[in-house]
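Working notes, structure below.
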Amino acid sequence: MATVAILGCGYGGSAVAISLAKRSNHQIILIDQNPFHFLQISLHHCLAYDVAPASVIVPIDRFAKRLGSRVRFVRARATTLDEENRILHTASGEAIAFDALIIASGATTYFPDSVKQLREYAHDIKDFRGALRIRQAFESLLLVRGEGHIVVGGAGLSGVEIAAEMASRIRAFGASKIQVTLVGRKPTILPAMDEYLIGEATARLTALGVKIICGEAIKEVSADSVVLEKMGSLACDLFVFAGGTVAQNIVSHERIAVKQTLQTREGSPIFAIGDAAILFDANGKQLPADGQTATQSGEHAAKNAIALLANRPLTPFRGSNKGVMVALGRHNASGLILNRFKVRGAIGGAIKDAILWLHKRAIAGF
Ligand SMILES: Cc1cc2nc3c(=O)[nH]c(=O)nc-3n(C[C@H](O)[C@H](O)[C@H](O)COP(=O)(O)OP(=O)(O)OC[C@H]3O[C@@H](n4cnc5c(N)ncnc54)[C@H](O)[C@@H]3O)c2cc1C
């Protein structure tokens with residue numbers, strides 16, 4: 001029986017663990033710096049919805065126990081990798097020996113140095129603690145002050161979902177003196193997404209009273225303002241930054257260019273998946289760094305790790321994008337299923353909620 005280590009228990013790492021536990025008799029060591037699996041895709045719920053923040057995390061201990069006694073959870077931050085001796089070192093001094101390793105350490109928010117004071121004043125959406133702080137600041141504006149300005153920097157999927165959820169709750173509460181502004185660098189919101197989704201999201205955000213500013217770069221952030229390159233200063237009581245991500249690999253801040261088998265090198269027992277890797281579909285098109293890519297690559301890496309340990313041939317990863325759903329405020333979403341079938345409104349919201357629920361059920365097991 002061999003030992004497979006999984007670095008990171010996010011969307012990709014949890015898929016690896018489920019698949020390995022089901023298909024093999026190997027010992028599985030799950031390593032994560034946090035005691036919880038963070039349901040990032042449901043983050044918008046935690047920020048502005050009437051649900052408890054605890055609903056967007058699942059304790060990894062509980063998840064590991066559910067998978068069986070061969071799965072051990074180590075709560076630690078991995079710091080260095082000794083590839084030659086197959087040992088992963090952690091900040092707490094542990095040396096975790098493995099026969100195969102799957103790097104699933106995801107990405108973290110990228111705070112460009114070119115934006116002054118960004119780190120000091122931006123709330124980070126990729127970290128559950130950041131999400132808790134955003135929620136507290138948001139509720140204090142909504143429920144106590146009843147007025148103010150919220151600026152969401154970054155108009156990609158996460159920025160749009162957060163702005164829509166906040167605006168939707170502000171509207172439901174009747175707090176007409178709170179303004180949400182969404183600022184994006186590119187000419188439209190949701191750059192690189194389908195025209196249908198851009199149109200749907202723009203219309204819904206506008207109906208919810210969100211001010212959309214596109215083609216603008218943020219230059220500086222302070223305690224009460226956000227300065228834009230062309231338009232100048234915007235009043236701001238709460239700034240949420242969803243402007244981009246950078247891989248959080250222990251080897252570098254670059255996403256790992258893996259082989260088709262998801263190995264980091266030809267013949268290596270080390271694999272990389274999810275946001276930590278650059279992944280392609282069967283036609284050679286780069287896949288988006290999202291939850292479904294992380295899950296698909298996780299399942300494939302598990303199969304290939306089992307094959308490698310059994311001296312069987314490995315197979316190439318053939319990920320495919322099954323579509324995208326954009327949450328646009330409570331019980332509302334627009335999407336393209338299989339990149340063809342358009343859905344919107346309450347039906348879209350029900351589909352998006354079902355996707356989030358199914359993932360949570362796979363982890364929490366209810
Ligand atoms: C607000 C928001 C909305 C999103 N919406 C969608 C959506 O609608 N659809 C979609 O498909 N995707 C969405 N995404 C993207 C999706 O969440 C990510 O693509 C997905 O989480 C990537 O999975 P992963 O396993 O690669 O990384 P993650 O899920 O980020 O997991 C990485 C894990 O590694 C751990 N880790 C990292 N470094 C170390 C270390 N050195 N030592 C120990 N542990 C470590 C982390 O603690 C974490 O648990 C959204 C993301 C955000 C933030």
Side-chain angles (χ1 to χ4, degrees), residues 5-17 29-48 56-58 60 63 73-81 88-92 94 96 102-109 123-131 134 152 154 156-165 190 193 197 240-251 253 255-256 272-277 279 287-298 301 321-328 333-335 351-353 355-356 359 363:
I6 306 167
L7 169 53
C9 186
Y11 284 78
S14 57
V16 177
I29 306 181
L30 248 182
I31 304 131
D32 203 292
Q33 60 203 355
N34 291 319
F36 48 76
H37 168 90
F38 177 25
L39 300 158
Q40 292 173 47
I41 296 175
S42 307
L43 176 96
H44 55 284
H45 283 176
C46 158
L47 293 185
V56 301
I57 55 170
V58 177
I60 299 176
F63 168 62
F73 171 49
V74 175
R75 185 191 171 183
R77 188 167 61 79
T79 47
T80 45
L81 173 61
L88 190 63
H89 294 276
T90 73
S92 41
E94 275 153 300
I96 299 168
I102 287 124
I103 300 177
S105 45
T108 185
T109 303
H123 288 280
D124 183 358
I125 56 159
K126 289 286 283 181
D127 174 34
F128 179 61
R129 293 160 203 86
I134 298 170
V152 179
L157 180 60
S158 11
V160 163
E161 289 191 337
I162 290 165
E165 197 70 40
L190 300 176
M193 281 203 188
L197 294 174
V240 178
F241 189 61
T245 60
V246 60
Q248 56 180 346
N249 291 318
I250 47 171
V251 272
H253 284 308
R255 293 174 72 195
I256 301 170
I273 59 159
D275 283 8
L279 300 165
L287 288 161
D290 64 15
Q292 58 176 314
T293 303
T295 307
Q296 289 174 13
S297 57
N321 190 285
K322 306 266 187 287
V324 60
M325 296 294 306
V326 185
L328 292 170
S334 292
I351 294 171
K352 174 95 180 179
D353 285 347
I355 293 169
L356 302 180
H359 173 74
I363 308 296

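As the structure lists them, so they are numbered: ligands from 1, and atoms in each ligand from 1.
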Distance under 4.0 Å to a non-hydrogen atom of Gly106: what atoms of ligand 1 satisfy this? 26 (O), 27 (O), 32 (C)
When you measure from the heavy atoms of Pro288 to every atom of ligand 1, does any distance fall below 4.0 Å? no
Closest approach of any protein heavy atom to atom 34 (O) of ligand 1, naming residue and atom: Gly8 CA, 3.3 Å
Might you point out which heavy atoms bring Asn249 and Ser105 nearest each other, and give the distance in Å? OD1-OG, 3.5 Å
To the nearest 0.1 Å, how far is atom 4 (C) of ligand 1 from its closest protein heavy atom, and which atom is that? Ile41 CA, 4.0 Å
Under 4.0 Å to a heavy atom of Leu157 - the qualifying atoms of ligand 1, by number: 5 (N), 6 (C), 7 (C), 8 (O)
Measure from atom 19 (O) of ligand 1 to every heavy atom in Val324, Ile250, Asp275 and give the option owning the shortest one. Asp275
Evaluating non-hydrogen atoms only, which member of Gln40, His37, His44 is closest to atom 17 (O) of ligand 1? Gln40
Closest to atom 23 (O) of ligand 1 among protein heavy atoms sits Ala294 CB, 3.4 Å
What is the closest protein heavy atom to atom 25 (O) of ligand 1, and at what distance does it sit? Gly12 N, 2.7 Å
Looking at every heavy atom in both Leu43 and Ala131, which two are closest together, and how far apart are they? CD1-CB, 3.3 Å
Give me the residue, atom name and distance of the protein heavy atom closest to atom 31 (O) of ligand 1. Gly10 CA, 3.2 Å
Give the minimum heavy-atom separation between Gly13 and Ile273, together with the two atoms involved. N-CD1, 4.1 Å
Please determine if Ile162 has a nitrogen or oxygen closer than 3.5 Å to a nitrogen or oxygen of ligand 1. no
Atom 41 (N) of ligand 1: nearest protein contact (heavy atom, Å): Ala78 O, 3.1 Å
Could you report the tightest heavy-atom contact between Thr109 and Phe241, atom names first, then the distance? CG2-CD2, 3.8 Å
Using a 4.0 Å heavy-atom cut-off, say whether Leu7 meets ligand 1 through its side chain, its backbone, both or neither. side chain
So, Asn34 versus Arg129: side-chain donor-acceptor pair below 3.5 Å or not? yes
Quick note on ligand 1: atoms under 4.0 Å from a heavy atom of Tyr11 include exactly 20 (C), 21 (O), 23 (O), 25 (O), 29 (O)
Which pair of heavy atoms, one from Ala327 and one from His44, lies closest together, and at what distance? CB-NE2, 3.4 Å
Starting from atom 16 (C) of ligand 1, which protein heavy atom do you reach first, and at what distance in Å? Gly291 N, 3.8 Å
Measuring from the heavy atoms of Lys352, does anything fall under 4.0 Å of ligand 1? yes
His123 side chain vs Val240 backbone, donor-acceptor pair below 3.5 Å: no
Consider ligand 1: state whether an atom of it lies below 4.0 angstrom from any non-hydrogen atom of Asn249. no
Atom indices of ligand 1, in the order listed, that fall short of 4.0 Å to a heavy atom of Ala289: 19 (O)
Evaluate the side-chain proximity of Met325 to Glu161: yes if any heavy-atom separation is below 4.5 Å, no if none is. no
Taking side chain to side chain contact (heavy atoms under 4.5 Å, CB included) as the test, write out the residues that go with Thr90, two or more places apart. Ala76, Ser92, Glu94, Ile96
Hey, is ligand 1 close enough to Leu43 that some N/O pair sits below 3.5 Å? no
Over all atoms of both residues, closest heavy-atom pair of Ile57 and Phe36: CG2-CD1, 3.7 Å
Counting only heavy atoms closer than 4.0 Å, does ligand 1 sit against the backbone of Thr90, its side chain, both, or neither? neither
Mind telling me whether Tyr11 and His359 have parallel, tilted or perpendicular rings, with 30° and 60° as the class edges? parallel
Can you find a heavy atom in the side chain of Val74 that is under 4.5 Å from one in the side chain of Leu30? no
Would you mind running through ligand 1 and noting each atom that sits below 4.0 Å from a heavy atom of Gln292? 11 (O)
Check whether any N or O atom of Gln33, backbone or side chain, sits under 3.5 Å from an N or O atom of ligand 1, and answer yes or no. yes
Residue Ser105 vicinity, atoms of ligand 1 by number, heavy atom under 4.0 Å: 32 (C), 34 (O), 37 (C), 38 (N)
So Asp124 and Lys126, salt bridge (charged side-chain N to carboxylate O under 4.0 Å, His left out) or not? Walk me through it. CA-CA 6 Å; Asp124 183 358; Lys126 289 286 283 181; over 6 Å; no
Can you check whether Ile162 reaches Ile134 side chain to side chain, under 4.5 Å on heavy atoms? no
Interfacing atoms of ligand 1 (cut-off 4.0 Å, heavy-atom, Lys126): 53 (C)
For ligand 1, which atoms, with element, lie under 4.0 Å from some heavy atom of Asn34? 47 (O)
Could you tell me the residue and atom name of the protein heavy atom closest to atom 35 (C) of ligand 1, and the distance to it rounded to 0.1 Å? Asp32 OD2, 3.3 Å
Taking C-beta and beyond as the side chain, do Leu157 and Val326 meet within less than 4.5 Å on heavy atoms? yes
